[in-house]
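Below is one structure, written out as structure tokens; the observations come after it.
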Amino acid sequence: MSIGLHNSTFKNPVIRWVDSRLPIFSMMQNEYGTFPTPKNFNYFWNFGALAMINLLIMIATGIFLAMHYTPHVSMAFDSVERIMRDVNYGWLFRYVHANGASMFFIVVYVHIWRGMWYGSYKAPRELLWIIGVVIFLLMMATAFMGYVLPWGQMSFWGATVITNLFSAFPVVGDHIVTLLWGGFSVDNPTLNRFFSLHFLLPFVIFGVVFLHVAALHITGSNNPLGIDVKSPADTLPFHPYYTAKDSVGMVVYFIVFASLVFFAPNYLGHADNYIPANPMVTPAHIVPEWYFLPYYAILRAVPDKLGGVLLMFGSILVWFILPWLDTSPVRSMRFRPIAKWFLLLWGIAFGVLMYCGGKPPEGIYVVLSRVATLYYFAWFLVILPLLGRLERPLPLPESIAKPVLRGGGPLPAGAAAKPMEKA
Amino acid sequence: MFRSALRALTVFGVMAAAPALAPALAAGDHTQGPAALPHAHFHFEGVFGTFDRASAQRGFQVYKEVCSACHSMRLLSYRHLLELGLSEAEVRAIAATVTVNDGPNDEGQMFERPGRLSDRFRSPFPNEAAARAANNGAAPPDLSVISKAREEGPHYLHALLTGYADPPAGMAMGDGMNYNRYFPGNQIAMSAPLREEGQVEYADGTKATVEQMALDVTNFLQWAAEPEMEARKRMGVKWVLFLTILGGLAYATKRKIWANVPH
């Protein structure tokens with residue numbers, strides 16, 4: 001890059017004047033306008049954009065909620081109810097924010113699954129994936145602290161159980177817990193610092209998302225075939241092709257979101273959180289929000305507290321080294337006839353853990369949790385590293401523009417010229 | 001391409017449904033056995049459901065004459081009753097029946113005055129300890145959001161209010177406790193609040209059976225917990241209709257843009 005004015009291609013004199021000095025319009029044009037994007041995305045590739053939209057919705061609604069919320073143990077519950085009853089459209093903002101958290105996790109879980117299925121974490125996108133895992137951890141912390149703010153029974157007892165987990169660590173454990181609490185039990189200082197951090201972390205997430213997108217625009221997107229872009233024939237400009245395609249997914253997402261907010265706003269929540277927090281009364285079942293249930297099940301599957309805590313944290317931390325655990329050179333599961341079944345089974349194990357996490361830790365649920373936990377880790381630590389050596393992948397297509405038919409072999413002449421399914 | 005669209009949508013659906021099932025599955029794990037709830041039909045159910053105002057107004061009467069002797073509703077103000085369809089004169093009269101401690105005045109003295117529209121519902125006890133002491137050690141819960149604070153809220157409330165019976169033979173009851181088929185553990189400190197027909201006298205001539213009173217007060221409590229419900233559902237119907245049309249347009253646009261791309 002040479003020093004001096006940027007050579008802008010914009011015609012409008014005002015835009016051109018700004019763009020020559022601060023090429024923000026050129027950047028938008030390059031990154032979201034003409035950005036070469038693989039032409040074969042399926043609708044799984046909508047979910048990154050959806051997550052971005054969801055983050056913005058959470059920040060926007062959260063800022064307005066914070067204007068009316070009072071982070072004090074004696075007023076928090078009532079201030080939330082005041083938002084529901086007396087603030088103009090307060091109920092809308094709160095229900096969008098509360099259900100927005102669930103939607104965010106649905107979207108991000110699909111996004112992560114997409115990455116796992118199509119091998120988006122593999123070279124050269126390892127750092128992109130790692131930044132994604134960081135975003136997910138930040139999301140979990142933010143969601144957890146946000147759930148504490150209404151100061152209902154589940155807020156209070158959830159906070160008590162989860163913060164107490166850190167006491168399992170030898171030597172430093174109790175000090176960490178005292179630091180988290182700001183005292184010797186979950187109380188007003190805890191609520192205050194959780195509110196402060198709950199306000200801060202979304203902006204940290206926003207920053208890390210920027211890094212995620214920046215890294216993506218260096219390596220370019222993966223695609224359902226998992227093969228590299230070889231020529232301009234493999235790509236389309238992001239706009240209008242993927243702006244149009246993302247718009248379709250966005251509307252479907254909004255319909256699901258709206259159905260929750262307007263017709264079943266408390267369906268994913270717990271009734272107990274409409275009971276004001278009471279340190280003297282423990283709820284019959286302390287259960288985290290649905291998106292934390294798999295990790296909660298792993299925690300309870302282990303009879304030892306420290307072991308359970310380590311495994312619970314390990315279940316996410318293991319994602320960090322996923323790019324190196326997977327030894328196969330082939331990215332997409334489309335060409336991995338054995339691995340795809342094991343990965344599907346891993347998805348089922350995740351679902352089983354989610355189911356068991358919401359059940360009392362007794363009888364069959366403990367057994368199921370243990371089997372699923374075992375498989376959860378076996379997939380990452382044993383099956384995936386071995387399969388890269390043992391499995392014989394299917395032949396890869398030559399390029400995105402010239403895909404092989406199912407089972408391999410070249411396309412018959414003329415077939416490529418005919419538009420296939422248009423959807 | 002359409003196939004992959006379907007596949008993505010299916011996955012999205014499953015992902016949306018899995019968490020939705022989880023809390024439903026997690027609910028109802030009571031170690032002791034309350035009976036399955038009978039499901040009454042309520043006018044507020046469903047996408048187009050609205051409050052049965054006549055019933056909810058009768059329910060307010062039940063609350064005022066029966067429940068409010070022990071249960072507070074501290075999150076509601078008398079002015080909220082206007083939304084229930086009561087006239088301003090009626091609500092002012094209701095508010096004026098209670099005495100509110102106010103002050104300090106210009107002389108620094110606390111004083112008593114009749115209630116106003118802006119006052120919160122008066123609580124029967126000055127604090128929780130007083131409520132506990134007066135009620136055999138169990139403080140009556142505040143009813144402002146009770147319908148949202150119990151699994152299957154309205155169905156549970158209706159069942160609980162009509163679920164009193166004699167304890168089965170051989171069941172040891174705690175001191176001052178009452179048997180209820182639907183209360184977790186079956187022993188509840190609250191004695192049957194709705195005992196006999198005609199316990200309240202409805203102005204509109206509706207026969208005040210125990211079942212009728214239970215339904216009415218449940219309607220009232222559901223309104224109290226979710227006063228925004230009608231506005232919410234109305235807005236929801238508009239949003240979903242709008243989004244469905246927008247979705248059709250977005251999909252048509254997408255197809256047109258992609259029409260010449262071999263893929």
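Values reported hereafter were calculated over all heavy atoms of this structure, with side chains retained and with hydrogens, waters and symmetry mates removed. Throughout, protein chains are lettered first and strands after them, A, B, ... in sequence-line order, and every chain is numbered starting at 1.
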Worksheet item: If you look at every heavy atom in A:Phe263 and B:Val237, which pair is closest and at what distance?
Response: CZ-N, 3.6 Å

Worksheet item: What is the distance from atom CZ of B:Arg150 to atom CD1 of A:Ile275, rounded to the nearest 0.5 Å?
Response: 4.5 Å

Discussion item. With a strict 4.5 Å heavy-atom criterion, list every residue of residues 121-146 of chain B that contacts chain A, or say none.
Written reply: B:Ser144, B:Val145

Worksheet item: Is the backbone N or O of A:Tyr241 less than 3.5 Å from a side-chain atom of B:Trp258, with the two atoms forming a donor-acceptor pair by type?
Response: yes

Practice prompt. Quick one: do B:Met235 and A:Tyr89 satisfy side-chain contact (heavy atoms from CB on, under 4.5 Å)? Show the steps, please.
Written response: CA-CA 11 Å; B:Met235 191 187 281; A:Tyr89 294 102; 3.4 Å; yes

Item to complete: Select one option (side chain, backbone, both, neither) describing which atoms of A:Leu236 are under 4.5 Å from chain B's heavy atoms.
Response: side chain

Practice prompt. Go through the steps to decide whether A:Asp246 and B:Lys254 satisfy the test salt bridge (charged side-chain N to carboxylate O under 4.0 Å, His left out), and finish with yes or no.
Written response: CA-CA 9 Å; A:Asp246 282 349; B:Lys254 187 257 168 195; over 6 Å; no

Discussion item. For B:Trp239 and A:Phe262, take the angle between the two ring planes, folded into 0 to 90°, and tell me which bin it lands in: parallel under 30, tilted 30 to 60, perpendicular over 60.
Written reply: parallel

Item to complete: Identify the heavy atoms of A:Tyr95 and B:Glu228 that sit nearest to each other, and give their distance.
Response: CE1-OE2, 3.5 Å

Worksheet item: What distance do B:Glu226 atom CD and A:Met84 atom CE have between them, rounded to the nearest 0.5 Å?
Response: 7.5 Å

Worksheet item: After noting the C-alpha distance and the side-chain angles of A:Asp86 and B:Arg79, does the key distance pass the side-chain contact (heavy atoms from CB on, under 4.5 Å) rule?
Response: CA-CA 11 Å; A:Asp86 293 335; B:Arg79 65 185 160 81; 3.1 Å; yes

Discussion item. For chain B, which candidate among A:Ala244, A:Ser247, A:Ala258, A:Gly357 shows the most heavy-atom pairs at distances under 4.5 Å?
Written reply: A:Ala244

Worksheet, complete the sentence: Tightest non-hydrogen contact, residues B:Ala250 and A:Val248, listed as O-CG2, 3.6 Å

Worksheet entry | Interchain contact, A:Ile255 with chain B, by part (heavy-atom threshold 4.5 Å) | both

Practice prompt. Take B:Leu75 and A:Phe77, measure what side-chain contact (heavy atoms from CB on, under 4.5 Å) needs, and give me the verdict at the end.
Written response: CA-CA 10 Å; B:Leu75 299 175; A:Phe77 187 91; 4.3 Å; yes

Worksheet item: Checking A:Pro276 against chain B: side chain, backbone, both or neither under 4.5 Å from a heavy atom?
Response: side chain

Item to complete: Go through the steps for A:Glu81 and B:Arg74 under the test side-chain contact (heavy atoms from CB on, under 4.5 Å), then give the verdict.
Response: CA-CA 11 Å; A:Glu81 274 303 317; B:Arg74 62 190 177 83; over 6 Å; no

Fill in: Spacing of B:Thr253 atom OG1 and A:Lys245 atom NZ [to the nearest 0.5 Å]
14.5 Å

Worksheet item: When heavy-atom pairs shorter than 4.5 Å are enumerated against chain A, which of B:Lys148, B:His80, B:Glu83 gives the highest number?
Response: B:Lys148

Practice prompt. Against chain B, label A:Asn46 side chain, backbone, both or neither, depending on which of its atoms sit under 4.5 Å from a heavy atom there.
Written response: neither

Practice prompt. Measure from the side-chain N and O atoms of A:Arg85 to the backbone N and O of B:Ala224, and report whether any donor-acceptor pair falls under 3.5 Å.
Written response: yes

Worksheet entry | For B:Arg232 against A:Val261, the heavy-atom pair lying closest together | CD-O, 3.6 Å

Worksheet item: Relative to chain A, which segment of B:Glu152 carries a heavy atom at a distance below 4.5 Å: side chain, backbone, both, or neither?
Response: neither

Worksheet item: Of the backbone (N, CA, C, O) and the side chain (C-beta and beyond), which part of A:Phe257 lies under 4.5 Å from a heavy atom of chain B, both, or neither?
Response: neither

Item to complete: Run the salt-bridge test on B:Arg120 and A:Asp78 with the 4.0 Å N-O cut-off and return the result as yes or no.
Response: no

Practice prompt. Could you tell me whether the side chain of B:Tyr251 reaches within less than 4.5 Å of the side chain of A:Val252, counting heavy atoms only?
Written response: no

